[in-house]
Amino acid sequence: AGILNFCANNYLGLSSHPEVIRAGVEALEQFGAGLSSVRFICGTQSIHKDLEEKISRFHQREDAILYASCFDANAGIFEALLTPEDAVLSDELNHASIIDGIRLCKANKYRYRHMDMQDLEAKLQEAQKHRLRLVATDGAFSMDGDIAPLQEICQLAEKYEALVFIDECHATGFLGPNGRGTDELFGVMDKVTIINSTLGKALGGAAGGYTTGPKPLVDLLRQRSRPYLFSNSLPPAVVGCASKALDLLMESNAIAQSMAAKTQRFRSKMTAAGFTISGQDHPICPVMLGDARLASAMADDMLSRGIYVIGFSYPVVPKGKARIRVQISAVHSDEDIDRCVEAFTEVGRKHGALP
Ligand code: PLP
């Protein structure tokens, strides 16, 4: 029956969607293979402007700016926005690209314990002495499938006059009633100031990232953000694919709903089988195993049963918290999900992870 991929960030299955592929081919034919330029010299075509407009409409923000990746968007924002008079408050489990982006800026740095609102409040109090405060968090955390408590974060931000930045790489396209992301899920779309996200996961899976938010911020990034100024423009085929992916998501939420139903099926069947699945209703479903060798041996055995999953252990996750990270996609059928659960049950029994 072939091998089923359960470890891609292809949450909505759009990387193999026929309309997305066709849009990429058409963009390639119409606009060429690439621009051989950064955006501000001769690297801007109408499709780049159209995609930026579409991204800001999708997120209901004023403007958007494209990057070669979300890693670049994260690398480029903090340095451009924050000065030594400012402060950035960052969740300790934020993605490496946020950590690197913060390293590049000269603002005062505060790291709060993972999703710990008491600690964030204490750090916000300490940071009152600075001119501007920015709270930075992943919307959904990729190792645990847990979701930042954005309502509480936004309340604290309001109380202590801070801006909120979220990285929505594991949320854009499928979290919230219309797939807009974590801010929509928690009803705080008007309270989150800046969103960075990727085109390389749910939105077609090719490459590319962006910042969306207030127009003056995007204008500032176009003037000052180094990965935007000094790196090549996104290739037309990539832009065409992402643009079509957004069209599909703005037309209907059916794909995201189908993925959510499959996530629910996987999580409840695995829990009933006796496994511990970390996170909250998210298609990232970490099967918690503890021991690194167990996670790796089980992942190998899963592959021999036709299920492609990967074991994660230290230093990617904390010591003693090894896991197999399963990721659900809208393209998995119910039968695929059941096959995956059956394989986990067999392999788990063989290795003593289940009674
Ligand atoms: N932020 C988060 C939370 C991610 O998971 C990733 C990708 O792994 C990135 C940023 C970087 O995204 P990109 O692949 O577009 O550079």
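We count ligands from 1, going down the list as the structure has it; atoms in each ligand are counted the same way.
- If you look at Tyr210 and His59, their ring centroids are closer than 6.0 Å.
- The aromatic ring centroids of His282 and Phe141 lie 6.0 Å or more from each other.
- Using a cut-off of 4.0 Å between Lys/Arg side-chain N and Asp/Glu carboxylate O, Asp50 and Lys54 are scored as not salt-bridged.
- Checked by distance only, ligand 1 and Cys70 come closer than 3.5 Å through their nitrogen or oxygen atoms.
- Geometrically, Arg133 does not engage Tyr160 in a cation-pi contact, judged by NZ or CZ lying under 6.0 Å from the ring centre and within 45° of the ring axis.
- No side-chain heavy atom of Val218 sits under 4.5 Å from any side-chain heavy atom of Leu220.
- At a 4.0 Å heavy-atom cut-off, ligand 1 touches Ser97 through the side chain alone.
- Considering backbone and side-chain atoms together, Lys201 places an N or O closer than 3.5 Å to an N or O of ligand 1.
- When each atom of ligand 1 is checked for a heavy atom of His170 under 4.0 Å away, the hits are 3 (C), 4 (C), 5 (O).
- Ligand 1 places these atoms under 4.0 Å from at least one heavy atom of Asp138: 3 (C).
- Annotation: atom 9 (C) of ligand 1 to nearest protein heavy atom, His95 CE1, 3.4 Å.
- The closest heavy-atom contact to atom 1 (N) of ligand 1, among the options Leu203, Asp167, Asp72, comes from Asp167.
- The protein non-hydrogen atom at the shortest distance from atom 11 (C) of ligand 1 is Phe71 N, 3.6 Å.
- With salt bridges taken as basic N to acidic carboxylate O contacts below 4.0 Å, none links Arg226 and Asp72.
- Judged by the 6.0 Å distance and 45° axis criteria, Lys123 is not positioned over the aromatic ring of Tyr112.
- Regarding atom 14 (O) of ligand 1, its nearest protein heavy-atom neighbour is Thr198 OG1, 4.2 Å.
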